[in-house]
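Data block below; observations after.
To find a chain, count down the sequence lines: A is the first, B the second, and so on, and within it residues start at 1. Computed from a predicted model, the values in this text were never measured in an experiment.
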2 protein chains.
Amino acid sequence: MPLSPLIAITQGDAAGIGAEIIVQAFLQRPESLQGCFVVGDVATLRRACHLFVRPGHPPIPVAVINHPLETNHIPSRCIPLLALDDPPDLAAFGQVQATAGAFAGRCIQWAARAALRGQIQALVTAPIHKEALAAAGGPWNQYPGHTEMLQAATAEHLHCRAQDVPVRMMLANRELRTVLVSIHVALRDAIAQLSTASILETIHIAHRALQAVLPQAPRIAVAGLNPHAGEGGRFGQEEIDIIIPAIHAAQQQGVLVSGPYSPDTIFMRARQTTTHAPEFDTVIAMYHDQGLIPIKYMGMEQGVNITLGLPFIRTSPDHGTAFDIAGQGIADPSSMLEAIEIARQLINQRHAVGT
Amino acid sequence: MPLSPLIAITQGDAAGIGAEIIVQAFLQRPESLQGCFVVGDVATLRRACHLFVRPGHPPIPVAVINHPLETNHIPSRCIPLLALDDPPDLAAFGQVQATAGAFAGRCIQWAARAALRGQIQALVTAPIHKEALAAAGGPWNQYPGHTEMLQAATAEHLHCRAQDVPVRMMLANRELRTVLVSIHVALRDAIAQLSTASILETIHIAHRALQAVLPQAPRIAVAGLNPHAGEGGRFGQEEIDIIIPAIHAAQQQGVLVSGPYSPDTIFMRARQTTTHAPEFDTVIAMYHDQGLIPIKYMGMEQGVNITLGLPFIRTSPDHGTAFDIAGQGIADPSSMLEAIEIARQLINQRHAVGT
């Protein structure tokens, strides 16, 4: 039997639901978790395992490994853990703790470096808490989230600046993929910062990412910014001044891209269902909610966040730490399972197309 | 048998799909069309009927009426038509024609006045074409669309100014209702024009409209403007400066309203499905696409536009004139049928709560 590709799952903020959705994933779908190991600390993972031990049943064993390659030699009923040195005291559930923020950061950094060195084939991240990261002091407080940390680790590896590693967020579920030009900025600023260069870069990042996984040339649709995509300038000039030039430039560079389309119908047109063949393989969304509203509308159990532009595969569930329910064992692992599944598909597809 | 409530259906722009979706609606669901009559011209409606006559079958008869009250005396296999005087020559399909724009305007004005006089119980409008309206000259060229025309007719009836008839667009399908603070303006301007007063007015208009049709106090959710509703000011100040004060003011006035909620999850939370009970009866959307994207995501066959704030019931399908397929008999009448159905429900619910 060939060995499974290796996937590191960072445990996220120990005060949140990260460890428990990981344990649930291992328990619910052991066959899907082949080749996966956790990056974290023993006490946090053991506490999460304990939540799911049924009375009269044996504990769920955590098997500490020292190198990713050991993962495939651990018995399937164990959860492989790559435990980092010097973990902090066990975090209290549901509270912002600087020590938990810093340790979550260390796990991500370890996993990013492992991915960059080719020791793992993909990285799946459980949610972290922005305030804990901010409270953790340097270097963690300079990163608003995962993306910036992964960007910094990549820049370090490639000996370039972080801004020379342009990344974009793709959100995907079983029906729809969307790639966002901007994410966590005020809508007013998202509009002010919109540029032909940023849209063109987003189109190229999406194109390269999809080219690596689709058998045919990816069909990319670009959403407008304004109602009805501006109706030829009647409701805003951004389509004419900014978006259309980016589309034309990408077309001239050979990308199969079209638009701008009316934002209120383009997501429906790109939807893949049993009764609807998608007209496009992805939609470029001009701002966070334009892409997130349709992704989350169907229920967010299976939404997955994929970071594009990095030299490695990284996915994550599209929800947060859920401090309000952490430690109760009731968090839904569906999005985590889907993030793992998508990471595995991306690995297989990259292999299939020979990249 | 009690007589059906009277519903006028304006034929819309004669160059578009209006007349043919109306005829399809009469043919497909005669029982749902009880009490409905068309406002338009004989030639346009006859041409549309002719599209659906099967070889060897008799023509579909159009019965001209002189007053809405005659509708319920017309045999059910006929389509009742209130034909306005001096119709223009038959419009060519798929072309902007000033005469078609002007006649569409006259039909709407006639129906609005009939509704204001209490001669009909609801008004359902087939789509018009903005350019044809603009080409039609005064007074039609001063109205960007139906809403402004209905507002003007109401102001005339009430002897007030159009701006004293505040209206809002509600979009509804079988899962979701949303009321928009603004509609056809550039996104940049929608943000600039957002005010506590306009949001508060939207909340009140939605509250009154839903109060008239729901058995319990309507639960109103207000969406934020920015990603994650601004995260306490980190991604934009509009929630703090503009939206929250409107919510507080409405709460103090006794409205069951809450928010601002993260725009990417609030529509999912308000969704009514067989497996999901909605947390709210409607979502107040800060701009056009915020509300329209989730409404249209599921496919727009059954989306309906309801104008709130008018002293009469008005609904319409949420699609346009579809000039590209007009005259082929292939336009989908689902949204028109749903608009008629919703108008009828609104009539019944208003009766039930005694308004």
Side-chain angles (χ1 to χ4, degrees), chain A residues 130-131 144 171 175-176 180 182-192 194 223-239 262-271 273 275-276 285-301 303 318-320, chain B residues 130-131 144 171 175-176 180 182-192 194 223-239 262-271 273 275-276 285-301 303 318-320:
Chain A
K130 281 176 200 158
E131 288 180 40
L171 280 300
E175 293 195 344
L176 186 67
L180 311 180
S182 67
I183 49 172
H184 294 140
V185 291
L187 186 54
R188 188 187 289 272
D189 298 334
I191 298 173
L194 202 64
L225 173 72
N226 295 299
H228 309 175
E231 271 195 20
R234 292 184 60 226
F235 314 138
Q237 285 293 323
E238 288 86 354
E239 283 78 8
S262 185
D264 60 355
T265 49
I266 186 57
F267 295 96
M268 180 263 287
R269 294 173 59 185
R271 208 179 149 202
T273 71
T275 57
H276 183 261
M286 293 298 112
Y287 53 91
H288 182 274
D289 289 333
Q290 194 184 63
L292 271 282
I293 288 174
I295 282 284
K296 297 209 171 179
Y297 184 62
M298 303 297 291
M300 56 179 166
E301 297 83 8
D318 73 344
H319 56 69
Chain B
K130 282 175 199 158
E131 286 179 42
L171 280 299
E175 294 196 342
L176 185 67
L180 310 179
S182 67
I183 48 171
H184 294 139
V185 290
L187 186 54
R188 189 186 287 272
D189 297 334
I191 298 174
L194 202 64
L225 172 72
N226 294 298
H228 309 175
E231 272 196 18
R234 292 183 61 226
F235 314 138
Q237 286 292 322
E238 288 86 354
E239 283 78 8
S262 185
D264 60 356
T265 49
I266 186 58
F267 296 96
M268 181 261 288
R269 294 173 60 185
R271 209 180 148 201
T273 71
T275 57
H276 184 261
M286 292 300 112
Y287 53 91
H288 182 274
D289 290 332
Q290 194 184 62
L292 271 281
I293 288 173
I295 283 284
K296 297 209 170 177
Y297 184 62
M298 304 298 291
M300 55 181 170
E301 297 82 10
D318 72 345
H319 58 68

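Both the backbone and the side chain of H184(A) have a heavy atom closer than 4.5 Å to some heavy atom of chain B. Contacts of Q237(A) with chain B are absent, with no heavy-atom separation under 4.5 Å from either backbone or side chain. Proximity to chain B (any heavy atom under 4.5 Å) is shown, for I266(A), by neither the backbone nor the side chain.
Annotation: the span from M286(A) atom CE to D289(B) atom CG amounts to 12.0 Å, rounded to 0.5 Å. Distance CD/Q290(A) to CD/Q290(B): 11.5 Å, rounded to 0.5 Å. How far CD1 of I191(B) is from CG of D189(A): 9.0 Å, rounded to the nearest 0.5 Å. Atom-to-atom distance recorded for K296(B):NZ and D264(A):CG is 4.5 Å, nearest 0.5 angstrom. In this structure, CZ in F267(B) is found 12.5 Å from CG in L292(A), a value given to the nearest 0.5 Å. Going from atom NE2 of H228(A) over to atom CD1 of I183(B) covers 8.5 Å, rounded to the nearest 0.5 Å.
Heavy-atom neighbours of E231(B) CD from other residues, nucleotides or ligands within 6.0 Å: above the threshold of 12.
Taking the side chain as every heavy atom from C-beta outward, L187(B) and L187(A) approach each other to under 4.5 Å. With contacts defined as side-chain heavy-atom distances shorter than 4.5 Å, the pair R234(B)/K130(A) qualifies.
Chosen from H288(A), E175(A), R188(A), R271(A), the residue pairing most often with chain B at heavy-atom distances under 4.5 Å is R271(A). Residue with the most contacts toward chain B among P263(A), G236(A), S262(A), G291(A): P263(A) (heavy-atom pairs, distance under 4.5 Å).
Shortest non-hydrogen contact noted between F235(B) and V185(A) is CB-C, 4.0 Å.
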